[in-house]
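To keep things clear, I will list the structure first and then write my remarks on it.
Because only heavy atoms are used, hydrogens play no part in the values below, and waters and symmetry mates are left out as well, while side chains stay in.
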Amino acid sequence: MKVVVAGTGTDVGKTWLAAQLAPLLGATAWKPAQSFVPGNGLTDAEVLAAATGQSPHEVCPPHRWYPVPLAPPEAADELGQPPFTLADLVAEQPTADALLVEGAGGVRSPLASDGDTVALVEAVRPDVTVLVAHGGLGAINDVRLSAGVLPGPVVVFLNRYDDNDLACRRNLVYLRRDGFEVAVDVADLERLLHVRV
């Protein structure tokens, strides 16, 4: 089983969700490249490592850690490090029976000098991509734009969903009516994934 966790943007909860899902799926976590603010809490790789029992450098190779808050290829350039391609990242993909892959930023944010998370999904060919979006206002637009460019099956996860929030409730109804498979909690999502793979 291979699952990609992608997002409609930055800070929508990809890493939090990936850290919840990986142990439930018995999956190895892989973050192909990460950029971050040094000293600003745990990196994505460290969060995923704590959830899976891997080391942070098993989750994301040490030469793919970029301590600048820009998209990974831009961070590498800012640091004077050599450019890297999507093929370079894919060549570092771990071998595992179950693999959970986390992208960076939104689906069209640069992930390598020649590709983004959409290109990563095309290259690694997961069984399903989980598209993480915030649950409130703007979610319908974000989901439709992002899901529209992702190849293969997509399941939507509305993060920070609040059933007491009118926008959240209406978004859920609209997206399901629009034909999307949508989960609003991790148990719900796990069930959808097990049906799919």
Side-chain angles (χ1 to χ4, degrees), residues 1-25 27 29 31-32 34-37 40-48 50-51 69-72 74 100-111 116-122 126-197:
M1 172 198 313
K2 190 181 292 183
V3 175
V4 170
V5 175
T8 56
T10 301
D11 202 30
V12 294
K14 292 185 303 293
T15 303
W16 174 83
L17 181 63
Q20 303 301 307
L21 267 185
L24 292 174
L25 301 176
K31 177 90 176 178
Q34 68 171 0
S35 53
F36 55 94
V37 179
N40 190 28
L42 298 176
T43 67
D44 292 353
E46 289 167 331
V47 171
L48 293 171
L70 297 169
E74 296 301 302
L100 186 140
V101 184
E102 186 195 345
V107 297
R108 284 301 194 188
S109 298
L111 186 60
D116 51 24
T117 299
V118 172
L120 178 70
V121 171
E122 291 170 346
D127 296 292
V128 64
T129 298
V130 176
L131 178 63
V132 183
H134 63 86
L137 284 174
I140 293 170
N141 178 70
D142 292 349
V143 167
R144 293 177 85 186
L145 287 174
S146 298
V149 295
L150 284 166
V154 173
V155 171
V156 175
F157 183 79
L158 292 180
N159 196 22
R160 304 178 188 108
Y161 179 85
D162 179 357
D163 201 47
N164 294 314
D165 183 294
L166 177 62
C168 285
R169 292 197 314 271
R170 296 294 302 188
N171 289 343
L172 176 61
V173 169
Y174 188 97
L175 289 169
R176 285 181 171 162
R177 190 178 64 218
D178 212 23
F180 290 103
E181 289 184 277
V182 185
V184 297
D185 63 52
V186 176
D188 212 17
L189 178 60
E190 184 189 12
R191 281 191 295 273
L192 281 176
L193 294 181
H194 280 302
V195 167
R196 280 229 166 242
V197 293

Within-4.5 Å side-chain heavy-atom neighbours: Leu21 and Leu193: yes
Arg144: which of Asn141, Ile140, Asp142 passes side-chain contact (heavy atoms from CB on, under 4.5 Å): Ile140
Straight-line distance of Arg170 CZ to Leu175 CG, nearest 0.5 Å: 11.5 Å
Flag, side chain of Gln34 to backbone of Ala45, donor-acceptor distance under 3.5 Å: yes
By side-chain contact (heavy atoms from CB on, under 4.5 Å) - contacts of Val118 (at least two apart): Val107, Arg108, Asp116, Glu122, Val149, Leu150, Pro151
From CG (Leu189) to CG (Leu17), nearest 0.5 Å: 5.5 Å
Main-chain N/O of Ala187 paired to Asp185 side chain as donor or acceptor, under 3.5 Å: yes
Working for side-chain contact (heavy atoms from CB on, under 4.5 Å), residues Val186 and Trp16: CA-CA 11 Å; Val186 176; Trp16 174 83; 3.8 Å; yes
Over all atoms of both residues, closest heavy-atom pair of Asp162 and Asn164: OD1-N, 2.8 Å
Leu192 CG to Glu181 CD distance, which is reported to the nearest 0.5 Å: 5.5 Å
Any donor-acceptor pair under 3.5 Å from Glu46 side chain to Thr43 backbone: yes
Rounded distance [0.5 Å steps], CG in Asn171 versus CG in Leu166: 9.0 Å
Separation between CG of Leu100 and CD of Gln20, rounded to the nearest 0.5 Å: 11.5 Å
Which atom of Pro126 lies closest to which atom of Lys2, heavy atoms considered: CB-O, 3.5 Å
Nearest atoms (heavy-atom pairs only) where Val12 meets Gly7: CG2-CA, 4.1 Å
For Gly136 against Cys168, the heavy-atom pair lying closest together: N-SG, 4.0 Å
Minimum heavy-atom distance between Leu158 and His134, given as atom pair plus value: CD2-O, 3.8 Å
Other residues, nucleotides, ligands: >12 heavy atoms within 6.0 Å of Leu137 CG: no
Salt bridge (charged side-chain N to carboxylate O under 4.0 Å, His left out) involving Arg160 - partner list, sequence neighbours excluded: none
Val101 side chain near Pro32 side chain, heavy-atom distance below 4.5 Å: yes
Expected output: side-chain Ser35 to main-chain Leu70 donor-acceptor under 3.5 Å: yes
Straight-line distance of Thr117 OG1 to Glu102 CD, nearest 0.5 Å: 9.0 Å
Closest non-hydrogen atom pair between Pro110 and Ala71, with its separation: O-CB, 3.5 Å
